[in-house]
Amino acid sequence: MTEPASETASGSGPGPGTGTGTGAAHTGGFDEPPLRRLRYFHGQMLGARDFQREQDYYRQKLKLRLRALLGYGVVCGLFVTPVPPDRDDCHDEAGGPGEDGVPEPAGGPGPDGGEHFRRRPRVRITPGLAVDCDGNEVVVRGGCVVDLWKALPPDERHTDTVWVGVQYGERPVEPTRAVYNDGCADTSDCEFGWTEECYTVKVTGCEPPEDERCDTCRSRCEHTVLWLARIEGIDWHRPVRPDRIHMNVRRPFGRHLPVVITGVNWIHGHTYTVDEARALLGTQDEDGGLVVRFSDGVRADTLQPGVVEIQVIEGGAGRNASTWYMGGAFAEPTGDEEFTDRFRYRQTTRETLQDGDRVLITVRAAFLLDRCCRPVDGTHVGGRVPTIDAGPHPTAAPTGPSGVCVLPPSGVGPWTSGTGAGGDVFESWFFVKER
């Protein structure tokens with residue numbers, strides 16, 4: 001009869017080959033305690049500890065499935081919005097120190113000419129759902145208002161930039177008097193009969209560390225706070241301005257955070273003059289060229305010939321649709337750097353553009369690998385990747401309908417490439433006119 005291998009025999013700790021960086025050997029252990037479930041038998045004596053361990057078994061299984069199969073991050077909601085001052089935030093005409101030592105300037109008269117109002121910076125976290133990196137579900141049911149000064153640790157109040165997040169928590173509820181005394185107790189005390197799963201709001205003035213693990217399945221992270229927004233330029237005497245809240249620090253729900261294209265130095269779908277197009281392509285200017293920016297580093301050695309392609313579809317009078325390929329090469333990055341967060345690709349041949357041409361730019365993102373050797377998520381969804389300022393090249397106002405799809409489907413801007421699947425081809429184009 002073959003005996004089943006035990007966790008003790010096979011080992012549960014990380015082995016010598018454990019690693020999370022590029023090229024690390026995947027020979028380490030699985031960072032998860034042994035899974036033991038209660039085995040019932042006739043005449044068995046069970047206590048509270050046994051039932052608690054049985055609950056823990058099913059909870060650990062659920063958390064393991066969430067963390068290993070699906071990942072972690074914000075599932076829906078949990079947006080951070082400013083809160084305007086209300087009439088409950090009042091102070092005297094003379095001003096002076098406020099609550100918790102907040103310096104309060106003298107305020108002007110209220111709407112009725114009498115009451116004076118404090119304008120302490122507060123934000124609201126909207127209802128939503130998230131899963132932390134341990135697999136705990138963080139549910140914010142009715143939303144909450146956060147007083148940034150109160151929530152910020154006293155030793156971090158010298159800053160005007162803070163990060164706001166939520167963290168999974170538990171609290172005992174519904175106290176009940178025990179029928180039988182505990183074996184070590186003198187009297188029958190009240191015990192809490194239930195555990196309520198809740199959350200706590202975290203505010204910090206120190207930049208939180210990033211999760212740099214390539215493999216989020218086998219190992220747990222050290223920081224379980226789900227950061228939702230970065231708020232810059234806080235005036236502790238005024239409400240938070242909407243443009244100061246940046247929610248692109250939040251992690252969308254998933255196994256990993258793919259690298260995406262965050263900006264290009266041309267306007268998608270725009271019409272440039274021939275001279276502007278030549279300057280943009282770097283036809284004669286060695287400092288010119290098409291610039292593509294990424295959200296994180298990609299391997300510089302994956303920027304190989306053929307990854308970027310410039311195709312010209314001829315227009316003008318007569319028959320259209322004749323095409324030709326424009327020669328080009330990577331002008332940046334240069335040197336021996338291993339990773340880069342942008343590249344510059346310029347024309348190296350002398351082909352000329354004419355009135356009515358369309359210049360089609362293709363970046364084969366599936367061949368560009370990030371630090372974890374995963375492909376860049378390059379789908380150009382809606383043609384909405386923003387324009388960046390990449391130098392002294394001519395720019396023009398974007399065209400197209402305004403106010404339509406201002407934010408991507410996640411509700412958090414700005415737009416980037418990607419659908420979450422990774423890979424694919426980034427396509428963009430612009431048109432050329434004579435003048």
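Hydrogens, waters and symmetry mates play no part in the numbers below; they use all other heavy atoms, side chains included. Fair warning: this is a prediction, and the values are worked out from it, not measured in the lab.
- In this view, His256 satisfies the side-chain hydrogen bond (donor to acceptor under 3.5 Å, both in side chains) rule with no residue, not counting sequence neighbours.
- Aromatic rings of Phe426 and His380 (six-membered ring for Trp) have centroids within the 6.0 Å cut-off, being under it.
- A donor-acceptor contact shorter than 3.5 Å links the side chain of Thr340 to the backbone of Arg342.
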Side chains of residues 128-135: which donor-acceptor pairs under 3.5 Å do they make with residues two or more places apart or in other chains?
{"residue": "Asp132", "atom": "OD1", "partner": "Asp134", "partner atom": "N", "Å": "3.0"}
{"residue": "Asp132", "atom": "OD1", "partner": "Gly135", "partner atom": "N", "Å": "3.0"}
{"residue": "Asp132", "atom": "OD1", "partner": "Asn136", "partner atom": "N", "Å": "2.8"}
{"residue": "Asp132", "atom": "OD2", "partner": "Asn136", "partner atom": "ND2", "Å": "3.2"}

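- Just one of Glu351, Arg278, Gln347 meets the side chain to side chain donor-acceptor pair (under 3.5 Å) condition when paired with Thr283; it is Gln347.
- Relative to the ring axis of Phe339, Arg371 places its NZ or CZ within 45° and under 6.0 Å from the centre.
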Got a list of side-chain donor-acceptor pairs under 3.5 Å for residues 409-420, not counting sequence neighbours?
{"residue": "Ser410", "atom": "OG", "partner": "Val412", "partner atom": "N", "Å": "3.4"}
{"residue": "Ser410", "atom": "OG", "partner": "Val412", "partner atom": "O", "Å": "3.4"}
{"residue": "Trp415", "atom": "NE1", "partner": "Cys405", "partner atom": "O", "Å": "3.2"}
{"residue": "Trp415", "atom": "NE1", "partner": "Val406", "partner atom": "O", "Å": "3.1"}
{"residue": "Ser417", "atom": "OG", "partner": "Ile261", "partner atom": "N", "Å": "2.8"}
{"residue": "Ser417", "atom": "OG", "partner": "Asp377", "partner atom": "O", "Å": "2.7"}

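- No side-chain donor from either of Arg124 and Thr81 sits under 3.5 Å from a side-chain acceptor of the other.
- Scanning for side-chain contact (heavy atoms from CB on, under 4.5 Å) contacts around Pro252 gives Leu257, with sequence neighbours left out.
- Arg65 pairs by the salt bridge (charged side-chain N to carboxylate O under 4.0 Å, His left out) definition with nothing, not counting sequence neighbours.
- Residues passing the salt bridge (charged side-chain N to carboxylate O under 4.0 Å, His left out) test with Arg230, sequence neighbours excluded: Glu232.
- A donor and an acceptor atom, one from each side chain of Glu156 and Thr204, are located under 3.5 Å apart.
- Looking at Glu276, its side chain does come within 3.5 Å of a backbone N or O of Thr273 through a donor-acceptor pair.
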Might you work through the side-chain hydrogen bond (donor to acceptor under 3.5 Å, both in side chains) test for Tyr199 and Glu197, ending with a clear yes or no? CA-CA 7 Å; Tyr199 66 93; Glu197 298 181 350; over 6 Å; no
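- Environment of CD in Glu210: sparse, with no more than 12 heavy atoms of neighbouring residues, nucleotides or ligands closer than 6.0 Å.
- Between the side chain of Arg53 and the backbone N or O of Arg37 there is no donor-acceptor pair closer than 3.5 Å.
- To the nearest 0.5 Å, atoms OG1 (Thr352) and CG (Asp357) are separated by 8.5 Å.
- In summary, Arg213 and Asp215 do not engage in a salt bridge, as defined by a charged side-chain N under 4.0 Å from a carboxylate O.
- Applying the side-chain contact (heavy atoms from CB on, under 4.5 Å) criterion to Glu337, with sequence neighbours excluded, gives Pro333.
- Listed by chain and residue number, nothing satisfies the salt bridge (charged side-chain N to carboxylate O under 4.0 Å, His left out) test with Glu137 (two or more places apart in sequence, or in another chain).
- A donor atom on one side chain and an acceptor atom on the other are not found under 3.5 Å apart for Thr387 and Trp266.
- Contact of the Thr362 side chain with the Val308 side chain is not registered, since no non-hydrogen atoms from C-beta on lie closer than 4.5 Å.
- Looking only at atom types and distance, the side chain of Thr195 has no donor-acceptor partner in the side chain of Glu170 under 3.5 Å away.
- Using a 4.5 Å heavy-atom threshold, the side chains of Leu280 and Tyr272 count as touching.
- A donor-acceptor pair shorter than 3.5 Å can be found between the side chains of Glu314 and Trp324.
- With sequence neighbours excluded, the residues that form a side-chain contact (heavy atoms from CB on, under 4.5 Å) with Tyr40 are Leu38, Gln44, Leu46, Glu54.
- Listed by chain and number, the residues in a ring-ring contact (aromatic ring centres under 6.0 Å, His included) with Phe330 are Phe343, Tyr345 (sequence neighbours excluded).
- On the SG-SG cut-off of under 2.5 Å, Cys372 and Cys214 qualify.
- Arg255 is linked by a side-chain contact (heavy atoms from CB on, under 4.5 Å) to Thr216, Cys217, counting only residues two or more places apart in sequence or in another chain.
- Evaluation of the salt bridge (charged side-chain N to carboxylate O under 4.0 Å, His left out) rule for Asp336 yields no partner, not counting sequence neighbours.
- In this structure a side-chain-to-backbone donor-acceptor pair under 3.5 Å is present from Arg157 to Leu152.
- Applying the 6.0 Å contact sphere to CD of Gln55 captures no more than 12 heavy atoms from other residues, nucleotides or ligands.
- For the pair Val240/Ile245, a side-chain contact is recorded, criterion being any heavy-atom separation below 4.5 Å from C-beta on.
- In this structure a side-chain-to-backbone donor-acceptor pair under 3.5 Å is present from Arg344 to Gly288.
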